[in-house]
Protein chains: 2
Amino acid sequence: MDNLLKYIHSLTEFSEQSWELLQPALSKREFKKNDFLLQEGNICNSLFYIESGYCKSYYNIDGTIKNTGFFFENDIATNINSFGSEEKSEFNIIACEPLTVIVFNKQKLFEAAKQAREIEALGRSCIRLFASKQEEFSNLFKLYTAQERLNYLEVNHPSILQRVSLSQLASFLGVARETLSRIRKRRNLR
Amino acid sequence: MDNLLKYIHSLTEFSEQSWELLQPALSKREFKKNDFLLQEGNICNSLFYIESGYCKSYYNIDGTIKNTGFFFENDIATNINSFGSEEKSEFNIIACEPLTVIVFNKQKLFEAAKQAREIEALGRSCIRLFASKQEEFSNLFKLYTAQERLNYLEVNHPSILQRVSLSQLASFLGVARETLSRIRKRRNLR
DNA sequence: GTAGTTTTGTGACGATTGTCACAGGACTAG
DNA sequence: CTAGTCCTGTGACAATCGTCACAAAACTAC
C-alpha cells in the first residue's frame, strides 16, 4: 500500500487519520493476463489503482477490438461515466500482464468520504486527473496527424510505446495496424 | 440564477443553505461575440456556467485555428487541467455569440466547499460530468471514421450541428473543411 | 527443441483526405 | 443599396489511409 499512499500524498493533503478511515474501502487484488477488471454490460463500482503490470480499456465493435486507453503503474483505471452514473459500461478493461491493483470500492469510499473531507478531496483530485488525461488525448486527434500523435506519445508518454505492442497501439492512435507500420517506416527514411 | 439552481439540483442534493453559502462564489457576466473567457497563457481560475449563447475552446497552432470544444446552455466551460493544476492554459475560450454566463470563482468556491459538504459534492459532480464528456469525444476518434463521427453528433448532440457553422465544426471533427463538405455530399448521394 | 501463436512488415489497389484555388451565396455594417 | 466579409461547395492532384493477402520474425507453451 506504500505506493498508493505516496500517490495520494502527491495529489492532496492526507492525514494518518484519513488514511485509516480509507482502509475499509481498499482491497488488494491480483489479475492474471487477460482477466477482466470490468466487462461490457456491467456497472463499474470500482476505481483500480495499479501497483504493478498494466491493463487496457477496449471496445468490441462488431468483433473488432478498439483499444481506447492504457493504464500503467500509478494510474487509476475505471469507467468514469459508469462509475458516476450507474449506467452499464460499454467497454471492457482487461489485464495485459499479470496485474496487482488496489481496488477502491465505490460504496465504502463514499461512506469514508462522508467522515473525512480529505477523502472527499482525494476523490475530486482523482477525477480531475482523469478528466485532464481524457482532455489531453481527445485534443490530440483534433490537433495532430497520426504521425504527429505518434511523436507526441514518444515524447510525453514513452511508457506506452515501450510496453505496448504496435498492433495494440494502432487502434489507440486511431489508425490501422499497417498504417502505423508505414508511419514508422516513413519517419526512419526522412 | 434559476437555470443554474435547476442544473445543480439535477446533479446532486442541494439545500437552501448550501445555495446561500455558494452565492459569494458566483457572479453573472456578459460577453460580446469574440470576447475571450480564457486566453492562452493565463491560468484558469473559473468555471463558466452558460446561461445563454455559446462559446468554444480552440488552439492556435501556427496561425491555424483548431476548435476542440463547443459549450452551450447548461454546459460548464473551463480548462479543467489549468483550473486544477494552476498551469497556464494552452488554449482559448471565446464567445461565439453574445453570451451570458455565471462565473464560479475558484478561490471562493473552495472556501464555500469547506463550509458545506454539498458544495464539495457539487464540484465533484461537475468534474465527473466534464470527464465523461471528454471520454466520450475522445473515444469517437478511436472507434469511428469521420463520417461516423458526424452521424454520431447528429444523433447524440444535434445542438452542435444546428448552431455551429460547418467551417467551425470541421476541426472539431478532426478533418479539413473541404472534407466535411464532401462527407455530407457522399452521404446525400447514397 | 518444436509446433503453434502472435507480431510486424510489405505489396497492391481502391477509397479517402489535405491542400490549393476559385466561385457563388449568405450575411453584415454603414 | 453596396462593399466587404464569411460560409460553403467543388475541381484537381498528390499524399495518406484502409483493406486484403502473404511471409518472415519473434514469442510461447509444452
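Computed from a prediction, not measured in an experiment: that's the story for all the values here. Chain identifiers are assigned alphabetically (A, B, ...) following the order of the sequence lines, protein sequences preceding nucleic acid strands; residue numbering begins at 1 within each chain.
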Q: Measure from the side-chain heavy atoms of B/E178 and tell me the nearest of D/dC17, C/dT19, C/dT7.
A: C/dT19

Q. Would B/F104 and B/Y49 count as a close aromatic pair, with their ring centres under 6.0 Å?
A. no

**Q.** For A/F71, all residues meeting ring pair (Phe, Tyr, Trp, His ring centres under 6.0 Å), sequence neighbours excluded
**A.** none

(Q) Could you tell me how far apart B/L173 (CG) and C/dT17 (P) are, to the nearest whole angstrom? (A) 11 Å

**Q.** d(CD, A/E148; C1', C/dG18) in whole Å
**A.** 12 Å

Q: Check whether any side-chain nitrogen or oxygen of B/S167 sits under 4.0 Å from OP1 or OP2 of D/dT8, and answer yes or no.
A: yes

Q | Candidates C/dA21, D/dG18, C/dT10 - which lies nearest the side chain of B/R177 | A | C/dA21

Q. Under the side chain to side chain contact (heavy atoms under 4.5 Å, CB included) test, which residues partner B/S27, sequence neighbours left out?
A. B/V103

Q) A/S181 has a side chain; which of D/dG18, D/dT8, C/dG9 sits nearest to it? A) C/dG9

Q: Write down the distance between CZ (B/R184) and P (D/dC7), rounded to a whole number of angstrom.
A: 14 Å

**Q.** Residues touching DNA chain C, which here means a heavy atom under 4.0 Å, drawn from residues 152-166 of chain A
**A.** A/S165, A/L166

(Q) Tell me which pairs pass side chain to side chain donor-acceptor pair (under 3.5 Å) where either residue lies in residues 98-109 of chain A, with sequence neighbours left out. (A) A/E30-A/T100, A/S52-A/T100, A/E86-A/K106

(Q) When you measure only distances, ignoring hydrogens and angles, does the side chain of B/R186 come within 3.5 Å of the base of C/dT17 through a donor and an acceptor? (A) no

Q) Roughly how many Å is it from CG in A/L180 to P in C/dT7, rounded to a whole number? A) 13 Å

Q: Say whether, by atom type as modelled, one donor and one acceptor occur between the side chain of B/D75 and the main chain of B/F72 under 3.5 angstrom.
A: yes

Q. What's the CD-P distance between A/Q147 and C/dT17, to the nearest Å?
A. 19 Å

Q | Backbone N/O of A/E40 and side chain of A/N92: donor-acceptor pair under 3.5 Å | A | yes

Q: Measure from the side-chain N and O atoms of B/S171 to the backbone N and O of B/A176, and report whether any donor-acceptor pair falls under 3.5 Å.
A: no

Q. Does atom CD of A/E148 have more than 12 heavy-atom neighbours from other groups under 6.0 Å away?
A. yes

Q: Compare the minimum distances between each of C/dG11, C/dT7, D/dC17 and the side chain of A/I183, then state the nucleotide with the smallest one.
A: D/dC17

Q | Proximal nucleotide (of D/dT10, C/dA12, C/dT17) relative to the B/A146 side chain | A | C/dT17

Q. Once you round it to whole Å, what is the distance between P of C/dT17 and CG of B/L150?
A. 11 Å

Q | Under the ring pair (Phe, Tyr, Trp, His ring centres under 6.0 Å) test, residues paired with A/F48 that sit two or more places apart | A | none

Q: Please determine, for the side chain of B/R182, which listed nucleotide (C/dT10, D/dG18, D/dG11) has the closest atom?
A: D/dG11

Q: Report the nucleotide, chosen from D/dG18, C/dG18, D/dT10, that has the shortest atom-to-atom distance to any side-chain atom of B/T179.
A: C/dG18

(Q) In whole Å, I'd like the distance from the CG atom of A/N34 to the P atom of D/dA29. (A) 11 Å

(Q) Angle between the end axes of the helix from C/dG1-D/dC30 to C/dG30-D/dC1, five pairs per end, to the nearest 10 degrees? (A) 70°

Q) Whole Å only: how far is the NZ atom of A/K32 from the C1' atom of D/dA29? A) 16 Å

Q. Is the number of heavy atoms from other residues, nucleotides or ligands under 6.0 Å of A/Q17 CD greater than 12?
A. no

